[in-house]
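Just the heavy atoms: all of them, side chains too, but no hydrogens, waters or symmetry mates, feed the values below.
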Amino acid sequence: MKKAFVLVVLFLGIIFSSCGKEAVPPKDMTPTEHEKVNDLEGVTMIVKEDKVSPTGLTVILENNSQKECIYSESFLLEEKINDQWYQVPVVIEGDYGFDDIAYPLNLGDKGEWQVNWEWLYGSLDEGEYRIIKDILNCKENGEVDTHYLAVEFTIS
């Protein structure tokens, strides 16, 4: 009887000690620099749910504002750990860049953008992520404001 009691206490101790432990971000992950996202009123980005994989996804950008916008191939990925966003580290060494293509997103437009990040981030593990894209708001005086769109997705 005493052995059974000790085993139960030991078992419960193991269970309770593992409960409440939070995932710790790896040392090579930096906290997000993008606290302010999705602040360009009327311009949205959503994930095509059937087009998500560990190496890429497809998003739909939609402009229901009165502004003309431009987006490019650039993006970054972040992972949610303990309700905080961290930059996913790149897997390549040295400098890298994106094709310098400007895609217009005019008033009332909807654009579909496919991204394959395997070359930059590798294949993602299971988890909660978001992709962040910069989008330029073109003003009448020729100036532009940079805004950041973010959309969350899950790799399971």
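Lys133 places a side-chain heavy atom less than 4.5 Å from the side chain of Met45. Using a 4.5 Å heavy-atom cutoff, the side chains of Leu77 and Leu124 are in contact.
Using a distance-only test at 3.5 Å, with no hydrogens or angles considered, a donor-acceptor pair links the side chain of Ser53 to the main chain of Thr55.
In plain terms, the two heavy atoms of Ala150 and Asn38 that are nearest each other are N-OD1, 2.8 Å. Considering every non-hydrogen atom in both Lys36 and Tyr148, the closest pair reads O-CB, 4.4 Å. Summarising the geometry of Glu78 relative to Thr32, their closest heavy-atom pair is OE2-OG1, 2.5 Å, with the distance given to 0.1 Å. Minimum interatomic distance between Pro104 and Asp109 (heavy atoms only, all atoms of both residues): O-OD2, 4.4 Å. Nearest heavy-atom pair across Glu152 and Val47 is O-CG2, 3.9 Å. Residues Tyr86 and Met29 approach most closely at CB-CE, 3.6 Å, considering heavy atoms.
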Verify side chain to side chain contact (heavy atoms under 4.5 Å, CB included) between Gln87 and Glu33, making sure each step is shown before the conclusion.
-> CA-CA 8 Å; Gln87 296 175 29; Glu33 296 176 359; 3.5 Å; yes
Given Leu40 and Cys69, is the side chain to side chain contact (heavy atoms under 4.5 Å, CB included) satisfied, shown in steps?
-> CA-CA 10 Å; Leu40 186 54; Cys69 301; 3.9 Å; yes
What's the verdict on side chain to side chain contact (heavy atoms under 4.5 Å, CB included) for Gln84 and Ile81, showing C-alpha distance, side-chain angles and the deciding distance?
-> CA-CA 5 Å; Gln84 300 290 321; Ile81 302 172; 6.0 Å; no
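Among residues two or more places apart in sequence or in another chain, the side-chain hydrogen bond (donor to acceptor under 3.5 Å, both in side chains) test is passed with Glu73 by Tyr103. Taking Lys48 as the reference, Glu112 meet the side-chain hydrogen bond (donor to acceptor under 3.5 Å, both in side chains) condition, with sequence neighbours excluded. Legend: residues meeting ring-ring contact (aromatic ring centres under 6.0 Å, His included) with Phe153, ordered by chain and number and at least two apart, are Trp117, Tyr129. Not a single ring-ring contact (aromatic ring centres under 6.0 Å, His included) links Tyr96 to another residue, sequence neighbours left out.
In this pair, Trp119 and Phe98 present their aromatic rings perpendicular. The plane angle is above 60°, beyond the 30 to 60° band.
Hydrophobic clustering of Ile, Leu, Val, Met, Phe, Trp and Tyr side chains at less than 4.5 Å, counting indirect connections, unites Phe75 with Ile155. Both Val151 and Trp113 are part of a single hydrophobic cluster, where members link through side-chain heavy atoms under 4.5 Å apart. Cluster annotation: Val115 and Val37 are assigned to the same hydrophobic cluster (Ile/Leu/Val/Met/Phe/Trp/Tyr, side-chain heavy-atom contacts under 4.5 Å, transitive). Both Val91 and Val88 are assigned to one and the same hydrophobic cluster, defined by single-linkage of ILVMFWY side chains at heavy-atom distances under 4.5 Å.
For the atom pair CD (Glu118) and CG (Leu120), the distance works out to 11.0 Å, reported to the nearest 0.5 Å. A distance of 11.5 Å separates NE2 of His34 from CG of Leu149, quoted to the nearest 0.5 Å.
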Just list the side-chain donor-acceptor pairs under 3.5 Å for residues 134-142, sequence neighbours left out, or say none.
residue	atom	partner	partner atom	Å
Asp134	OD1	Ser74	OG	2.8
Lys139	NZ	Asp145	OD2	3.0
Asn141	OD1	Glu143	N	3.0

Determine all donor-acceptor pairs shorter than 3.5 Å in which one atom belongs to a side chain in residues 57-67; sequence neighbours excluded.
residue	atom	partner	partner atom	Å
Glu62	OE2	Asn64	ND2	3.4
Asn63	OD1	Ser65	N	2.9
Asn63	OD1	Ser65	OG	2.6
Asn63	ND2	Lys67	O	2.7
Asn63	ND2	Leu105	O	2.8
Asn63	ND2	Asn106	O	3.3
Ser65	OG	Lys67	N	3.0

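Dense packing is recorded around CG of Asp39, with more than 12 heavy atoms of other residues, nucleotides or ligands lying under 6.0 Å away.
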